[in-house]
**Q** 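Input: one structure, supplied below.
When a residue number appears, it is its place in the shown sequence, counting from 1. Just follow the structure's listing: the first ligand is 1, and inside any ligand the first atom is 1. Hydrogens, waters and symmetry mates are skipped; everything else that's a heavy atom, side chains included, is used. Bear in mind the structure is a predicted one, so any value in this text is a computation, not a measurement.
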Amino acid sequence: MGITKRPFGTLPDGQEATLYTLRNAGGFSVSVSDFGGTIVHILAPDRKGQFQNVVCGYDSVEEYVVADGYLGATVGRFCNRIARGRFTLEGKVYDDLYINDGPNHLHGGKVGFSHRLWSVAGTEEGEEPSLTLRLVSPDGEEGYPGRLDVSVTFTVRADHALAIHYEARTDQTTVVNLTNHAYFNLGGYASGDVLDQVLWLDAQSYLRGDENLIPTGEMIPVDGTPFDFRTPKAIGRDFFADDADLKKAGGYDHCFNFTDWQSAGRELRLRGTAFDPATGRKLELFTNSPCVQLYTANFLKNPAFPLSGGYPQMTQHAFCLETQKMPDSPNHEGFTDTTLCPGEVFDYTTVYRFSAE
Ligand code: GLA
């Protein structure tokens, strides 16, 4: 148990990336790169005790630099989309965010946090090893106001959980929304599609998107829709339903709002589970974030960038549970508040806990 590290490749500017592996006494391990704060491997046991990598990734940093998909990355300064790359904050218009997704801004812009080399702010050895990465985003970077000082701590707990703790501080009022974009496949990342994996989400509503997946502002009750995961069901059960919201996104790519998100407070709550009947692997999602983006890897099909070991990218071969605030929040009354003021701390935690049954 503890932390080991190894070189992970060279960036175009000559800087070296490193891969840190955090392991507990039971052999559960998580590897994270300082490039993008990226989760590269999670080795979790199945019901027979066999360990497999349950997240999609690449073999070296060179691929993470150029490939799309944000595999395993820490995404910011604002995850998901901001319509037309503009918003108004304290009466001032910010309209120069980078447009990288149709007419909209996605996942922090041209060089978001997912594509930066973070520094190591600290490590803890021992039974529950942790790694803290830090990034300072200057005032004006990617069009956002304020110097944002971000740290993300990855902890491997003794109970086979990965805890991710996000903190950010600013010197001017700004907007922040941070997440991790791990692509999970509980059968092992190269085991086929995830349509038989069974999901439960504690969400009463989801956000409707337009044809570019920008929220229309409508929060749709999940009741009677393919978006109802309040009783566990296979991801594939309603995947091909004749539903306009599913069709627009080519599958699930929607923000699910946790039941009682408006009053939930700071407590970490169990908000989701995923289970793979074939291997018995189970994932529990605990968070104090108000929402999660369920994304079924609908764009994971770039033949130019095979995954680790040469396994081809294929749609629906993974699911993402991106805990977050609502996409495009700065442009919608009644959405989550993504404003961060000087003196405040953006402080959220998400735990992915693995077991097998
Ligand atoms: C998020 C978005 C998707 C897509 C992926 C990355 O999940 O909602 O539309 O951009 O990230 O490919």
**Q** Dump the intermediate steps for side chain to side chain donor-acceptor pair (under 3.5 Å) on D347 and H165, then the final yes or no.
**A** CA-CA 7 Å; D347 180 343; H165 177 216; 2.9 Å; yes
**Q** Suppose we call two aromatic rings close when their centres sit under 6.0 Å apart. Are Y98 and H107 close by that rule?
**A** no
**Q** Would you confirm whether the ring centroid of Y352 sits within less than 6.0 angstrom of the ring centroid of F184?
**A**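 Here the rings of Y352 and F184 have centres that are less than 6.0 Å from each other.
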**Q** Report the residue from F258, F227, Y252 that forms a ring-ring contact (aromatic ring centres under 6.0 Å, His included) with Y206.
**A**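 Running ring-ring contact (aromatic ring centres under 6.0 Å, His included) over F258, F227, Y252 with Y206 returns exactly one hit, F227.
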**Q** Pairs under 3.5 Å, N/O atoms on ligand 1 and on the protein: can you put them in a table with the distances?
**A**
unit_1: ligand 1; atom_1: 7 (O); unit_2: H181; atom_2: NE2; d: 3.3
unit_1: ligand 1; atom_1: 7 (O); unit_2: E322; atom_2: OE2; d: 2.8
unit_1: ligand 1; atom_1: 8 (O); unit_2: N80; atom_2: ND2; d: 3.0
unit_1: ligand 1; atom_1: 8 (O); unit_2: R81; atom_2: NH1; d: 3.2
unit_1: ligand 1; atom_1: 8 (O); unit_2: D253; atom_2: OD1; d: 2.6
unit_1: ligand 1; atom_1: 8 (O); unit_2: Q293; atom_2: NE2; d: 3.3
unit_1: ligand 1; atom_1: 9 (O); unit_2: R81; atom_2: NH1; d: 3.4
unit_1: ligand 1; atom_1: 9 (O); unit_2: R81; atom_2: NH2; d: 2.5
unit_1: ligand 1; atom_1: 9 (O); unit_2: D253; atom_2: OD2; d: 2.4
unit_1: ligand 1; atom_1: 11 (O); unit_2: H107; atom_2: NE2; d: 2.7
unit_1: ligand 1; atom_1: 11 (O); unit_2: H181; atom_2: NE2; d: 2.7

**Q** Run through the side-chain heavy atoms of Ile, Leu, Val, Met, Phe, Trp and Tyr, join any pair under 4.5 Å, and report what else lands in L307's cluster.
**A** F8, L11, L19, F35, V40, Y58, V61, Y64, V65, V66, L71, L117, Y183, Y189, Y295, F299, L300, F305, Y311, M314
**Q** Tell me, please, whether Y348 has R266 positioned over its six-membered ring: NZ or CZ under 6.0 Å from the ring centre and within 45 degrees of its axis?
**A** yes
